[in-house]
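Have a look at the structure below, then the notes.
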Protein chains: 2
Amino acid sequence: MKVKEVAELVGISVRTLHHYDEIGLLTPDETTEAGYRVYSDENLETLQQILFFKELGFPLKKIKEIIDSPSFDREEALIMQHKMLLEKKRRLEKMIGTIEKTIQHSKGEIQMSKQEKFEGFDFSHNPYEQEARERWGDKAVDEANEKAKNMTASDQEKFNGIYRSLAAIRHLSPDCKEAQEGINEWYHFISKFGNYSLDAFKGLGQMYVDDERFTKNIDKFGEGLAQFMCDAMAVYADKNKK
Amino acid sequence: MKVKEVAELVGISVRTLHHYDEIGLLTPDETTEAGYRVYSDENLETLQQILFFKELGFPLKKIKEIIDSPSFDREEALIMQHKMLLEKKRRLEKMIGTIEKTIQHSKGEIQMSKQEKFEGFDFSHNPYEQEARERWGDKAVDEANEKAKNMTASDQEKFNGIYRSLAAIRHLSPDCKEAQEGINEWYHFISKFGNYSLDAFKGLGQMYVDDERFTKNIDKFGEGLAQFMCDAMAVYADKNKK
DNA sequence: TATAAAGTATCCCGTAACGTGAGAGTCAAT
DNA sequence: ATTGACTCTCACGTTACGGGATACTTTATA
């Protein structure tokens, strides 16, 4: 899809798409030899994410940080966004209530306190904002990026080592002893780079197959490794829960 | 109320209030001798109006035009804003639907078309936007302001003349012949400055008593004139309806 | 097949609505 | 008398594009 098609589909301007490209927020996967931007389906999904975050008032810079972060999880984001949009709706409903009261008030039918006249305006008290800040605030995202960057050469070696040893047994059952031992090592190793609960760990595994950027990388060590790890990680998480 | 109190009450920053003062959008009625801004209750009502318009995406410049316009009617604005907020809520609900579908889609539970992935984003199709543009668009407001400015000295004289002659009979009944003849002249005269239906004319009369800026001006020609004109205009409108 | 019309690209200046200090005066309470 | 919370006025910085200029590509039409 070319710029104008995308622009009309989602209701934004061509200039906006240019802008997002300029700042590296959304660079089209492909460009024709004439230099025309061509947006892929994946680009559209990213755009959707961007627009959700934008609707919630996130600045573009932070949106970029978030979706570029190695710890970014689309589904997690969608769920958080869902919660925040519901909250925004509640806020809007309050505002509508406020305006209705104000109309009555202007007719002299009811009394209104000063606070009442401004109910719904205060955007800063969204209960999920705090949660979002914790998850996506500067600190959290920076740390995640930092940890990813701080991966030394030896870490990289270790990564590859684990991948290779898991790849070697990827045709066994995900819940066999060897697999679970490998995953155990994996779990403790990646904890260096992020604080994963068992549930998060399981989610991470899911991402290996859901997000093809991961799938591709992992399957370089052996076709089907991503799926195998995903399954084994799920088993591991469930087994160690209680 | 001083800046910080107002800021905290409505959930905006002190700088924002300073800004609104700078651009002449909201100038506090009073200032202490030290130069501290002191906001009156009326200022707060204006601020509420401003914030409603802002929530609906109006630029501050236009907001200023609208609320400064001689044809501005607070209640009319509230009603229009109410409609537009409801529309915004519907849009938000669509977005929430979209996000819910997207979550299902990402789990592979359902299919989604491209259009569906962006439902709710397009802000430009609010049915009341058109209505608002007609009412408050550049043309309408400009014309109103233009007409008000284009009032020549002789027009001003005529204004005063009618006011005076109506003031002279303001103790008669609003539906007596003299009053209705005066109002008839009034109706045809002000039509030069705006296109008033009979209903609008009646509404205008109501404004004379509702909005104290008008009341004050009119009552300069005689205490109670505003109320008298309001009553007589209502009678005139009803009589000439069918 | 020429030629117009529509779409796209980059460059670059403009704007809107504040944010963010800096430096200084003011006010209420200890 | 002093401290701390508030206030003022500059004045420059930032964000997220808007909008024009100019040039190249692609599509539609004669």
Side-chain angles (χ1 to χ4, degrees), chain A residues 1-40 43 46-47 49-68 121-124 133 137-138, chain B residues 1-40 43 46-47 49-68 121-124 136-138:
Chain A
M1 297 187 75
K2 284 188 281 182
V3 271
K4 209 191 175 185
E5 297 177 83
V6 176
E8 280 174 357
L9 174 64
V10 312
I12 61 180
S13 75
V14 170
R15 178 69 178 88
T16 299
L17 287 170
H18 284 173
H19 183 60
Y20 290 173
D21 191 3
E22 271 174 37
I23 63 174
L25 178 58
L26 180 63
T27 308
D29 272 353
E30 214 182 318
T31 65
T32 72
E33 52 180 58
Y36 285 21
R37 279 162 254 252
V38 178
Y39 292 84
S40 70
N43 288 149
T46 307
L47 180 54
Q49 276 293 316
I50 292 171
L51 293 182
F52 277 130
F53 276 119
K54 221 188 85 177
E55 176 73 27
L56 291 167
F58 287 74
L60 298 187
K61 203 174 171 183
K62 172 127 320 146
I63 298 179
K64 181 171 157 56
E65 274 177 36
I66 293 175
I67 66 183
D68 282 354
F121 285 111
D122 198 344
F123 183 54
S124 57
R133 243 189 301 279
D138 294 304
Chain B
M1 298 186 75
K2 282 188 281 182
V3 271
K4 209 193 176 185
E5 298 178 82
V6 177
E8 280 174 357
L9 174 64
V10 312
I12 60 179
S13 75
V14 170
R15 178 68 176 95
T16 298
L17 287 171
H18 283 173
H19 184 60
Y20 291 173
D21 191 2
E22 271 175 37
I23 64 174
L25 179 57
L26 180 64
T27 309
D29 273 353
E30 213 181 318
T31 65
T32 72
E33 53 181 57
Y36 284 23
R37 279 162 255 252
V38 178
Y39 292 84
S40 70
N43 289 148
T46 306
L47 181 54
Q49 276 293 315
I50 292 171
L51 294 181
F52 278 130
F53 276 120
K54 220 186 88 176
E55 176 72 27
L56 292 167
F58 287 74
L60 298 187
K61 203 174 171 183
K62 172 129 317 151
I63 299 180
K64 181 171 156 56
E65 274 177 36
I66 293 175
I67 65 183
D68 282 355
F121 284 111
D122 197 344
F123 183 54
S124 58
W136 290 315
D138 294 305

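Protein chains get the first letters and strands the later ones, always in sequence-line order, with residue 1 at the start of each. Remember, predicted model here, so these are calculated numbers, not experimental data. These numbers come from the heavy atoms of this one structure, side chains and all, not from hydrogens, waters or symmetry mates.
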Compare side-chain N and O positions of [X] against OP1 and OP2 of [N] and report whether any pair is under 4.0 Å apart.
X	N	value
A/Y20	D/dA16	no
A/K4	D/dT26	no
A/S13	D/dG18	yes
B/K2	D/dA5	no

Over how many whole Å does the gap from [X] atom [atom1] to [N] atom [atom2] extend?
X	N	atom1	atom2	value
A/H19	C/dG14	NE2	P	18 Å
A/L51	D/dA16	CG	P	13 Å
A/E55	D/dA16	CD	P	15 Å
A/H18	D/dG18	NE2	P	12 Å
A/D21	D/dA16	CG	C1'	15 Å
B/I63	C/dC18	CD1	P	9 Å
B/M1	D/dC6	CE	C1'	15 Å
A/Y36	C/dA6	OH	P	14 Å

Exercise for the section: Kindly indicate whether the side chain of A/R37 and the base of C/dT8 share any N or O donor-acceptor pair separated by less than 3.5 Å? Expected result: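 Looking at the base of C/dT8, it does not pair with any donor or acceptor on the side chain of A/R37 (distance under 3.5 Å).
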
Handout entry: Distance in Å, B/T32 OG1 paired with B/K2 NZ, rounded so as to fall on 0.5 Å steps
Key =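 Rounded to the nearest 0.5 Å, the OG1-NZ separation comes out at 8.0 Å.
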
Problem - Neighbours of DNA chain D within residues 22-35 of chain B, by heavy-atom distance under 4.0 Å - result: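 Output list: B/G35.
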
Practice task
List the steps and the verdict of side chain to side chain contact (heavy atoms under 4.5 Å, CB included) for A/F53 and A/I67.
Solution key: CA-CA 10 Å; A/F53 276 119; A/I67 66 183; 4.2 Å; yes

Problem - Minimum-distance nucleotide to B/R15 side chain [options: C/dC18, D/dC17, D/dC8] - result: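 Ranking C/dC18, D/dC17, D/dC8 by closest atom to the B/R15 side chain puts C/dC18 first.
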
Problem - Ionic contact status for B/E8 with B/K4, cut-off 4.0 Å - result: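 Salt bridge present between B/K4 and B/E8.
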
Problem - side chain to side chain contact (heavy atoms under 4.5 Å, CB included) between B/V38 and B/M1, worked out - result: CA-CA 5 Å; B/V38 178; B/M1 298 186 75; over 6 Å; no

Practice task
Assign B/V3 to base, sugar-phosphate, or nothing according to its heavy-atom contacts below 4.0 angstrom with the strands shown.
Solution key: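 Sugar-phosphate only.
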
Exercise for the section: Start with the C-alpha distance between B/L26 and B/D21, add both sets of side-chain angles, then the distance that settles side chain to side chain contact (heavy atoms under 4.5 Å, CB included), and finish with yes or no. Expected result: CA-CA 5 Å; B/L26 180 64; B/D21 191 2; over 6 Å; no

Handout entry: Pair B/T46, B/N43: side-chain N/O donor-acceptor within cut-off below 3.5 Å
Key =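 No - no donor-acceptor pair under 3.5 Å links their side chains.
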
Practice task
Quick one: do B/R37 and B/V6 satisfy side chain to side chain contact (heavy atoms under 4.5 Å, CB included)? Show the steps, please.
Solution key: CA-CA 10 Å; B/R37 279 162 255 252; B/V6 177; over 6 Å; no

